[in-house]
Amino acid sequence: MYSKSRVKLSFLTILLSILSFNHAFSFHLFTDDWYQIIGFLYFPDILRFYYEIHPANFFEFKIFSPIFQFNPYPWQFLGFLLKVISALSMWPLLYTLTNSRKAASYGCLIFAVFVVGIESLIWPSAHSSYIIIPLINLGFYFWIQSSKTQSKVNYFYSLMLFCLSVLAEPGRAFIVGLLIPIWELLSLYQKLNLKNCIFSALRLFLFFVFISLSTILVQALFQTASRSGPLLPALLSIKFDNIVTSIMYPLFGWTLLSKQIIYWATATFLIINTVIFVLFIWKRQNIYKIVFFLSLWVLLFYLPNMIQNFARLGLGMESRYYALSAVGVVGLLAYAFSFVNLRYINWILLLFLIFNLYVTNNLLLKYSISRSIQAHNRIWNKIDQDVPKGEIGSVFMFTGVDFTLRTSLLDWKDTIPFGVRRGFTKKEEFPIMTNDKQLIARLICEKDVSRHSPFFGDIIQKEPIPLFHVHAWELKNVELENRSEQEREGIKKIAKCL
């Protein structure tokens, strides 16, 4: 009976994941995806940046780039698999936290349709958060189980999973080093005696030894410096308003309520959590411990992002920066639903899931304007048609009133999609993307001109480029209009050699 219910839950989780992810299956590669794939295929020495900051994502692309290459379908299917695995990993996490099968089951279903942090799934270069979510969730499961059963095997599993998460994504997973001591101290406070103190102290000592060794290993393998220096002063400058503005989107953004409402709802939520902590200190009850811990999960996993000023202003609820915080939000929702009367829960949960499916699909539909395979092909087919076959040493100029749409479809991809279509494998072959007419004039008239590429860095253009190799397009409503002749006339007036 139990195994049948697990199969049913797994099936529903996969089905809901498909329904919430379906538009993303038709999304093309995005910005860094192009850089990483072509880097692994032809220019591995350029990828040091990705290797240092997102090791898991680096190795993901290292493994799959030779297989998938620039085919977007398997890359998006990989994101879908990560979504399913992460959703299913909510069950062990919530079951061991709450001791409620209902909360654990609801957590899987809610996570499958939840929009918060979905950018981390639909953008292959941002998969790293969803790679470590199952590791962290299972790590907590084994940690808590090892405490309940005093199992050395479960304790070892938890240490291994936490260490793997730190190795995979050190910049985010290190928050485990805060959450584990917090959970352990909260649990110890409930049953405070000398034996438990010694037991917890030993567990935490070994935990910190393993986490420290993982951190040292990360720095040795990836040659990254510790960022604790700039982190602490930045965190100390955070104000209450910054906290509210930052976490109001994962907490309540999915409700589609106004910004003002979710701001005050978040402020109220934080105040209530202070009361919950006081109630826990007073009554030592599990319900207060669970709610307080999951609330901290939401905040702490976003905290490292707040060293960047833009992150303090809050981001869209779908932002990759909220992916790990989403686990805490879903945990709170699932735990709340577990207290609803059985007579009403099925309808309430059904309506909740349908609403969230609508929110997620509506957002992905908006993304599809610039992310769909159809939009990508329409743009780059036009460019490929307008540029003569066999032409090497070109300049591409992109303009358009809608800056966000233009950067998404054109600028952020550099000229890599064009080079891939033409079979270029040398960095000098790829067209130069620039709107700097002074630079273009120099490229036409001079030799050995230094010019910058977003991916390749600084390149010396040895030979002058003919004027007819300058191509320009204006983006209008996901359509390109060729403006090469007009731009060439303008360049003639600047280039002294013409």
Side-chain angles (χ1 to χ4, degrees), residues 31-32 34-39 41-49 70 376-476 478-498:
T31 59
D32 293 14
W34 293 95
Y35 303 155
Q36 291 207 71
I37 296 170
I38 200 165
L41 294 178
Y42 306 114
F43 312 102
D45 56 311
I46 299 177
L47 295 172
R48 185 76 202 171
F49 171 76
F70 298 95
H376 171 89
N377 287 340
R378 186 186 304 129
I379 294 297
W380 291 96
N381 282 345
K382 168 67 173 171
I383 293 173
D384 192 37
Q385 291 167 7
D386 288 354
V387 179
K389 301 296 180 185
E391 179 177 301
I392 301 291
S394 307
V395 174
F396 285 0
M397 302 177 70
F398 300 137
T399 58
V401 176
D402 192 332
F403 179 77
T404 302
L405 187 62
R406 194 195 84 197
T407 52
S408 181
L409 282 168
L410 293 163
D411 298 28
W412 286 344
K413 299 175 183 178
D414 200 353
T415 59
I416 295 174
F418 175 82
V420 169
R421 287 165 180 259
R422 294 292 174 97
F424 296 161
T425 58
K426 298 177 181 178
K427 59 185 179 181
E428 293 81 7
E429 295 176 321
F430 287 80
I432 304 161
M433 180 188 69
T434 182
N435 287 338
D436 185 344
K437 292 183 181 180
Q438 294 292 339
L439 174 61
I440 295 171
R442 289 186 62 213
L443 289 167
I444 292 171
C445 297
E446 301 175 20
K447 291 184 177 182
D448 299 322
V449 177
S450 176
R451 45 93 170 183
H452 184 77
S453 163
F455 177 63
F456 298 112
D458 293 326
I459 299 175
I460 301 297
Q461 184 66 34
K462 296 182 178 180
E463 297 298 326
I465 292 173
L467 178 63
F468 63 87
H469 279 202
V470 176
H471 305 276
W473 298 270
E474 183 179 1
L475 183 66
K476 295 181 177 179
V478 202
E479 296 288 346
L480 280 184
E481 179 182 306
N482 194 315
R483 296 188 55 80
S484 300
E485 290 301 324
Q486 295 91 323
E487 294 294 345
R488 288 169 187 166
E489 288 300 316
I491 293 167
K492 281 182 182 178
K493 299 174 183 179
I494 301 172
K496 296 178 181 180
C497 62
L498 296 177

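No experiment lies behind these values; they were computed from the predicted model shown.
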With Asp411, which residues qualify under side-chain hydrogen bond (donor to acceptor under 3.5 Å, both in side chains), at least two apart?
Arg406
Evaluate the ring planes of His471 and Phe396, with Trp represented by its six-membered ring, and classify them as parallel (under 30°), tilted (30 to 60°) or perpendicular (over 60°).
perpendicular
Assign the ring pair Phe424 / Phe418 to parallel, tilted or perpendicular, where the plane angle (0 to 90°) is split at 30° and 60°.
perpendicular
Interatomic distance, [X] atom [atom1] to [Y] atom [atom2] [nearest 0.5 angstrom]:
X      : Y      : atom1 : atom2 : value
Leu480 : Phe398 : CG    : CZ    : 7.5 Å
Leu443 : His469 : CG    : NE2   : 13.0 Å
Ser394 : Asp386 : OG    : CG    : 12.0 Å
Arg422 : Asp384 : CZ    : CG    : 4.5 Å
Arg442 : Arg451 : CZ    : CZ    : 12.5 Å
Ile491 : Ile440 : CD1   : CD1   : 4.5 Å

Report the C-alpha distance between Glu489 and Lys492 in whole Å, list the side-chain angles of each, state the deciding distance to 0.1 Å, and finish with yes or no for salt bridge (charged side-chain N to carboxylate O under 4.0 Å, His left out).
CA-CA 5 Å; Glu489 288 300 316; Lys492 281 182 182 178; 3.2 Å; yes
For Asp32, is there any backbone N or O sitting under 3.5 Å from a side-chain donor or acceptor partner on Trp412?
no
What verdict does the salt bridge (charged side-chain N to carboxylate O under 4.0 Å, His left out) test give for Asp402 and Lys476, after you've listed the backbone C-alpha separation in whole Å, the side-chain angles of each residue and the deciding distance to 0.1 Å?
CA-CA 8 Å; Asp402 192 332; Lys476 295 181 177 179; over 6 Å; no
Side chains of Asn482 and Ser484: any donor to acceptor distance under 3.5 Å?
yes
Side-chain contact test, heavy atoms from C-beta onward, threshold under 4.5 Å: evaluate it for [X] versus [Y] and give yes or no.
X      : Y      : answer
Gln461 : Glu446 : no
Thr399 : Asn435 : yes
Ile37  : Val420 : no
Asp414 : Tyr35  : yes
Ile444 : Pro464 : no
Arg421 : Asn381 : yes

